[in-house]
Amino acid sequence: MKIEDVRVIVTSPGRNYVTVKIETEDGTYGVGDATLNGRELAVAAYLSEHVAPLLIGRDGRDIEGIWQYLYRGAYWRRGPVTMAAIAGVDMALWDIKGKALGTPVWDLLGGRCRQALRVYTHASSRTVDGAINEVQRALSEGYEAVRVQCLVPGIDEMYGVPRAPGTSEPEGLPFVEQGWSSDAYLRFTPRLFAGVREAVGPEPLLLHDAHHRLTPAEAGWLGHRLEEFRLFWLEDAVLEELQDGYGIVRQHTTTPLAVGEVFNSIYDCERLVRKGWVDYLRASALHAGGISHLRKIAAFAEPYHVRMGCHGAADLSPITMAAAAHFGIAVHNVAIQEYAIHSDDTNTVFPHEWSVQRGYLTPGDAPGLGVDINEELAAGFPYARGYLPVSQLRDGTAWNW
Ligand code: GCO
Ligand code: MG
């Protein structure tokens, strides 16, 4: 199955997505997601300028060989741009293999470990009462797991709390969130979870994303105070750059810790897993080099009782959600999947077989990944430059968003 054509499609049905479409000489094609939010064109250029020419004429069946060739052959290994580009190719090749063999990717990965994968949805509000309402709404829709984010009194804008319902982070010029205060956040967050737990009782699974804002000592303090509310996880408590920070957090709390949506390689996970410093890895098929590499991360984590809870924000396209669905029912140590709803336009540009019902994700039975890109519709949504917000302390010091 010689690869005959590799194309990169950039479209913006509400937000930007980079898609790789690979076609083999017999006309079979596959699609992969290579979106890197805020730096999309860097990956698009990496793919079209540097990767596509290398793939023409290769046998598209050789998923692992091509992965190794792109990873090792670049010499400048790892990094978000390289690994998102490799991921796009990898997903497209799994899609092709499934179509060629007439079977879904979950079947190629070894078959099912579960019938459907539990997802967590988002509840966000500018007030505690509003957050409680949002959690109750999610529970009434059948979700069993809800991530709760709430605006901290005294801070005007912050991660995870959109200004208008249904919007994600603001786009356009970098949007500056002024006045971050870890102190105000630390005082408020236990009160938030006390209120939510009191309203919904002990059973619903509650999650929270600290989005890299805290120091290890602060995160240890927070995790300890949240223990009585039994979170499913506390995510990105501290920056990942200094991984020993997680060792410090771990010594101070038994609240389960999740990390890794920004990871792009097994080497980012290795120390955290081996030391027992984290409970869940958030690496995704998109930013961690495709289904092929994510499998290795999961396999490495399994004997350490570390489970996967993959990143699934709306800036990962429905193609990555398809990969997550196939991966998530085929791999034993997948615990949960993040599910952020895509815009209607996004869902029409990327028709897909996967679905979420009553809080559970299924990949469907279509051969391959069961997802496509409607190129004609995609062309109607041209690229629109967008940036992630940045965060600042009150005095203008740059902070972590
Ligand atoms: C999450 C994430 C996202 C990221 C976003 C960046 O847990 O879903 O933190 O909201 O901020 O994907 O592009
Ligand atoms: Mg996160």
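Hydrogens, waters and symmetry mates play no part in the numbers below; they use all other heavy atoms, side chains included. Both counts, for ligands and for their atoms, begin at 1 and track the order of listing.
In terms of polar-atom proximity, defined here as any N/O pair under 3.5 Å, His122 makes no such contact with ligand 1. For ligand 1, one of its N or O atoms has an N or O atom of Asp315 under 3.5 Å away. In terms of polar-atom proximity, defined here as any N/O pair under 3.5 Å, Glu235 does make such a contact with ligand 1.
Remark: ligand 1 atoms within the under-4.0 Å shell around heavy atoms of Tyr159 are 1 (C), 2 (C), 3 (C), 7 (O), 8 (O), 9 (O), 10 (O), 11 (O). Close contacts between ligand 1 and Leu388 involve ligand atoms 6 (C), 13 (O) [criterion: under 4.0 Å to a heavy atom]. Counting the atoms of ligand 1 from 1 in the order shown, those under 4.0 Å from a heavy atom of Trp401 are 11 (O). The distance from ligand 1 to the heavy atoms of Ala313 drops below 4.0 Å at these ligand atoms: 3 (C), 8 (O), 12 (O).
Salt-bridge check for Arg7 with Asp5: passed, with a basic side-chain N closer than 4.0 Å to an acidic carboxylate O. Ion pairing of Glu338 with Arg282 is present here, as a side-chain N (NZ or NE/NH1/NH2) and a carboxylate O approach within less than 4.0 Å. Between Asp62 and Arg58, none of the side-chain N atoms (NZ, or NE/NH1/NH2) sits under 4.0 Å from a carboxylate O, so this pair counts as no salt bridge. A salt bridge between Asp209 and Arg147 is present, with a side-chain N of the basic residue lying under 4.0 Å from a carboxylate O of the acidic one. Using a 4.0 Å cut-off between charged side-chain N and carboxylate O, Arg307 and Glu302 make no salt bridge.
Enclosure of atom NZ in Lys296 by more than 12 non-hydrogen atoms of other residues, nucleotides or ligands within 6.0 angstrom is indicated.
Around atom 1 (C) of ligand 1, the closest heavy atom drawn from Glu261, His211, Gln149 belongs to Glu261.
In this structure, His212 has no ring-ring contact (aromatic ring centres under 6.0 Å, His included) partners at least two apart in sequence or on a different chain.
Counting only protein N, O or S atoms closer than 2.8 Å to the Mg ion (ligand 2) gives 3.
Partner of Tyr159 under the ring pair (Phe, Tyr, Trp, His ring centres under 6.0 Å) criterion, chosen from His211, His122, His208: His211.
Counting only heavy atoms from C-beta outward, the side chains of Val334 and Arg114 approach each other to under 4.5 Å.
The line from CZ of Phe232 to CD of Glu144 is 11.0 Å long, rounded to the nearest 0.5 Å.
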